[in-house]
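Just so we're on the same page: letters track the sequence lines, and every chain starts at 1.
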2 protein chains.
Amino acid sequence: MQKRDIIKAIGEKILESRKILISSHLRPDGDSIGTGLALFHLFRKMGKYVDFINVDKTPFPFTRLPGAHEIIIGEIKDYDYDMALLLECSEEGRSGHKNIKRFFTINIDHHHTTDLYANINWIDPSASAVGEMVFDLISELKVEFDKTISTNLYAAIASDTGAFRFSNTTAKSLEVCAFLAKNGADPYEVSKLIFDTYSYQKVKLLGLVLSTLNVEPESGIAHISMPKKFLDELGLTEVDTEDIISLVRSIEGVNIVIFVKEVDRGKYRISLRSKGDINSGRIAELHGGGGHFHAAGFSLEGDYETVLKNALQIVKESIVKKK
Amino acid sequence: MQKRDIIKAIGEKILESRKILISSHLRPDGDSIGTGLALFHLFRKMGKYVDFINVDKTPFPFTRLPGAHEIIIGEIKDYDYDMALLLECSEEGRSGHKNIKRFFTINIDHHHTTDLYANINWIDPSASAVGEMVFDLISELKVEFDKTISTNLYAAIASDTGAFRFSNTTAKSLEVCAFLAKNGADPYEVSKLIFDTYSYQKVKLLGLVLSTLNVEPESGIAHISMPKKFLDELGLTEVDTEDIISLVRSIEGVNIVIFVKEVDRGKYRISLRSKGDINSGRIAELHGGGGHFHAAGFSLEGDYETVLKNALQIVKESIVKKK
């Protein structure tokens, strides 16, 4: 089916449905929450009965999007929905819900996927976000874009494109957001909502970890460290360190980052983030770990000084061997 | 004159000119450099003789914009330009050049200004950037937007809107950039060029300064400190600390930031950044300094501990008095 026909088929199914379920994936992100909320408001505006049910709770700051408090967290109760709309679920299980195929299912995703498990599958890897795809769907349904719908879709696209800075940003992403800005979304307000939401603890952690930064100019190896007490004292989890290692990787001249994290006394997790043709996954595998080409990790034991020295040695040898 | 007529008049002057001078303001920014370069390439494409002369050198990372190496740094030599186009110069002197009014001058600015010193003044405070204004001018001239022109204009707008996140971002900014993206600008490549340009020294300084961060939750007062040796050891200047204080101000719950910078032994510069109705300028004035409502500074002398205590005291009292 052509894109045009799929959108038309989805539109028709929506029009004939009275009770609609929306769900996004486990550990939902800004794109799936914003897009789900836009659809939630749209369906309600169209006079449908609609539930937006996610297994995992909405992460901050997306809890601040218009209508986020109406998302139900938990499993789906017995209810005879006419259709279930799944956002960014590459397979049924990604929603966290069981037996979701007992409903008529629509699968909307902008990631490459081969599991066409739903009754209608709309997969478009050229879209920057599902928000961009759903924009086309709402246009097809000819429902007016109001402030609530526009704000949520804008947030979805801005979030997934990292404020139009990531490689998935296209002319269309900008064009859609220009339209949404004309129809109620305030670019500044949305950006404040989803980006300028630093907590004291996260900024402090950033400072503490970055103050351990060291870069070897010859090899392009950077390393940062985090004693367990940093996280404990600030009440943070490892998730909160993802931005830090990305920031270090984007330093001019850095080819690979070694992040030494103390997980327990004498136990360290070594996270690697590399650029270009340095295969972090391979390095990690050789030392009992794993991961992807540019992001991987493995474990080491010993005192901090020795662990750091060994991690540096391991990475240095791998890079030299490659050459 | 209506906007439409001004653009038309500027277009006509350009068409009849053979030798054109472009200049932007002292300490030029991304908007004035990107826009100036777009015009530079445009004029050359139109077969004009064109010089882009700035008194101050192009700051990194805008040195990486297409054609930046062709900008001449210094004073204007004796030459009989048919017109001089000034970008974001609120008055003649802002260009740093002398006697520029000996040429036919065109003044293009998106800031509020009352000094209409040029032969043609095009002031549009509703535009996010002069890049956005010059987009309309190039459209008027009906010259094709190629990769070089589009990339420079995109960089100008993305830079001045902070990747479409600042309050000056409009539907038009996004719309213009969507058009530019369709005509050769690569949103990801431009963003990498102008935003992801961290140096080891700047990231290290960020870490060192942020590791001194402290926030008083009751008052919303945050403070950070920087001993002179941080800058000296890293070979940086105070300009490089601007992002840090902004980051701290955007922490949830922070109302005012006190940045204690050692300028010399026993001499400290206290920078303030506030939000909402806290008048930093007033606080600074009362202590021999000055500045704007939300950004100001003053000086204190003594040992570090005493200076920090005094700065905190001064800010705390000002906030209490206000209430």
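In the displayed structure, A/His292 atom NE2 is contacted under 6.0 Å by at most 12 heavy atoms of other residues, nucleotides or ligands. Applying the 6.0 Å contact sphere to NZ of A/Lys309 captures no more than 12 heavy atoms from other residues, nucleotides or ligands.
Contacts between A/Phe166 and chain B at a heavy-atom distance below 4.5 Å involve the backbone alone (N, CA, C, O). Contacts of A/Thr212 with chain B are made by backbone atoms alone, with heavy-atom separations under 4.5 Å and no side-chain atom involved. Both the backbone and the side chain of A/Leu247 come within less than 4.5 Å of a heavy atom in chain B. For B/Ser167, the parts lying under 4.5 angstrom from a heavy atom of chain A are both the backbone and the side chain.
In this structure the side chain of B/Leu210 never reaches within 4.5 angstrom of the side chain of A/Leu210, judged on heavy atoms. Residues B/Phe60 and A/Glu252 meet the side-chain proximity criterion, which asks for heavy atoms closer than 4.5 Å. You'll find the side chain of B/Leu174 reaches within 4.5 Å of the side chain of A/Phe164, heavy atoms only. Looking only at side-chain heavy atoms (C-beta outward), B/Arg165 and A/Lys192 stay at 4.5 Å or farther from each other.
With values rounded to the nearest 0.5 angstrom, B/Phe195 atom CZ is found 13.0 Å from A/Ser250 atom OG. Between the OG1 atom in B/Thr169 and the CD atom in A/Glu189 there is a gap of 11.5 Å [rounded to 0.5 Å].
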